[in-house]
Amino acid sequence: MRKKNRKEGEPFYLPHIGQRILKTTIAVFICLLINLLRGTTGASMSAEACITAIICMQPYVQDTRQYAVSRFTGTLLGAGLGLVLLFFLYRFPVLSASRIVLYILMAAGVMLTLYITVLIRKPDISALAAISFLCVIITYPDIETPFLTTFNRILNVLIGTFSAVIVNAFRLPRTRNRGYVFFIRSKDLIPDRFANISPAVLF
C-alpha cells in the first residue's frame, strides 16, 4: 500500500528528534531523579510528576507556563475540596453510613468543584480540578493517610510543572530553517467566553 504522506519515488527518511521531544525527555528524567532523592522507587513511585511534565511541555515557554499554572491550580482546588469533604466524613461518620448518601456527596462535590471554576473564571481547569477531587475522595473510607496522600499528590504536580517550565526555558542548540511558512487558524483567534473583545474585532 502506498503511503499518502510520501510522494511516489521520494526517498524515505526518519524525521529528526525535535526540541520538544528532547526537553520532555529531560523533564521526565529530572522528575525521576527527584523521586529517587525522595526515596520513592518501584511500586512506591508515583508517575504523576512525570505525567504532569509531559502534559505541561509545550512548543513555547509561555504556553508551558500557562499549562503549568492551570494544572497546579486545578490540582490544588480539587484536592483541597476533597480534603474538606474527607474532614466532614471523618468528623461525622453518619454521613457515610449509606453508600448511596456517600456517592451523592461525592457527586455533589464534583458539581461544586466545577461550579467554583466557573465562579473564578477558570473553566480551563474544571476537568482537572474535578479529577483531582475524585482522586482524593474516591478511596474513602479505605484511605489511611488522607492528608499525606493529598500533600504528595500536590507535591508531585508541583515537581512536574516546575521541571517542565525550567527545562523549557533553556534554549537548546538548533539549526534555523527559514524555508518554512507558518500560519494560524482563525478558530485560534476566538476570545474566551469572558473576553470583552468581539470575534469580529479580534479577527
Side-chain angles (χ1 to χ4, degrees), residues 1-79 117 122-132 134-135 149-192 195 202-203:
M1 183 181 295
R2 186 170 54 188
K3 292 184 178 181
K4 295 182 179 180
N5 59 345
R6 185 162 60 96
K7 296 180 180 179
E8 187 174 354
E10 182 179 344
F12 174 78
Y13 69 95
L14 291 173
H16 71 283
I17 298 178
Q19 288 210 5
R20 184 177 179 184
I21 296 177
L22 290 174
K23 289 184 176 182
T24 302
T25 304
I26 295 172
V28 168
F29 180 67
I30 291 175
C31 292
L32 293 174
L33 285 181
I34 294 176
N35 276 326
L36 179 62
L37 294 175
R38 293 174 59 200
T40 55
T41 57
S44 64
M45 179 185 292
S46 172
E48 192 164 19
C50 298
I51 294 173
T52 301
I54 294 172
I55 294 175
C56 291
M57 186 63 68
Q58 299 296 314
Y60 300 102
V61 179
Q62 182 178 359
D63 294 337
T64 297
R65 290 172 181 168
Q66 291 177 351
Y67 270 81
V69 171
S70 296
R71 183 162 180 81
F72 182 70
T73 304
T75 302
L76 194 62
L77 174 62
T117 62
K122 293 289 185 181
D124 54 316
I125 69 171
S126 58
L128 183 59
I131 292 171
S132 299
L134 280 176
C135 287
T149 302
T150 304
F151 173 77
N152 284 330
R153 179 174 180 81
I154 295 174
L155 181 60
N156 285 326
V157 171
L158 192 61
I159 291 172
T161 54
F162 268 99
S163 298
V165 171
I166 292 173
V167 171
N168 205 11
F170 285 95
R171 294 182 178 272
L172 300 178
R174 63 179 177 178
T175 302
R176 294 184 179 275
N177 192 330
R178 302 186 182 279
Y180 288 113
V181 176
F182 295 94
F183 64 93
I184 187 170
R185 299 169 297 181
S186 59
K187 69 176 185 178
D188 293 332
L189 297 174
I190 300 176
D192 61 65
L202 185 59
F203 182 80

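Computed from a prediction, not measured in an experiment: that's the story for all the values here.
Side chain of Thr64 to backbone of Tyr60: a donor-acceptor contact under 3.5 angstrom is found.
At a threshold of 4.5 Å between non-hydrogen side-chain atoms, the residues Val167 and Met57 count as touching. No side-chain heavy atom of Gln66 sits less than 4.5 Å from a side-chain heavy atom of Asp124. Between Arg38 and Ile159, some side-chain heavy-atom pair lies under the 4.5 Å cut-off.
A search for side-chain hydrogen bond (donor to acceptor under 3.5 Å, both in side chains) contacts involving Asp63 returns nothing, not counting sequence neighbours. A search for side-chain contact (heavy atoms from CB on, under 4.5 Å) contacts involving Leu158 returns Phe72, Thr161, Phe162, not counting sequence neighbours. Annotation: side-chain hydrogen bond (donor to acceptor under 3.5 Å, both in side chains) contacts of Ser126 (sequence neighbours excluded): none. Partners of Arg65 by salt bridge (Lys or Arg N to Asp or Glu O under 4.0 Å), not counting sequence neighbours: none found. Here Ser132 pairs with nothing under the side-chain hydrogen bond (donor to acceptor under 3.5 Å, both in side chains) rule; sequence neighbours left out. Scanning for side-chain contact (heavy atoms from CB on, under 4.5 Å) contacts around Ile17 gives Ile21, Leu22, with sequence neighbours left out.
Residues Lys23 and Phe170 come closest through the heavy atom pair NZ-O, 2.8 Å. Pairing each heavy atom of Ala27 with each of Ala53, the nearest pair is CB-CB, 4.1 Å. Nearest heavy-atom pair, Ala169 versus Val61, reported as atom, atom and distance to 0.1 Å: CA-CG2, 4.1 Å. The two atoms that bring Ser70 and Ile125 nearest to each other are O-CG2, 3.3 Å, heavy atoms only. Taking each heavy atom of Ala68 and Cys56 in turn, the nearest pair found is CA-SG, 3.7 Å. Here the closest heavy-atom approach between residue Thr52 and residue Val157 is recorded as CG2-O, 3.6 Å.
Going from atom CG of Leu155 over to atom OG1 of Thr75 covers 12.0 Å, rounded to the nearest 0.5 Å. Considering OG1 of Thr150 and CG of Asn152, their distance stands at 9.0 Å, rounded to 0.5 Å. For the atom pair OG1 (Thr73) and NZ (Lys122), the distance works out to 6.5 Å, reported to the nearest 0.5 Å. Atom OG1 of Thr40 and atom CG of Leu32 lie 9.5 Å apart (nearest 0.5 Å). Atom CD1 of Ile154 and atom CD of Glu48 lie 9.5 Å apart (nearest 0.5 Å).
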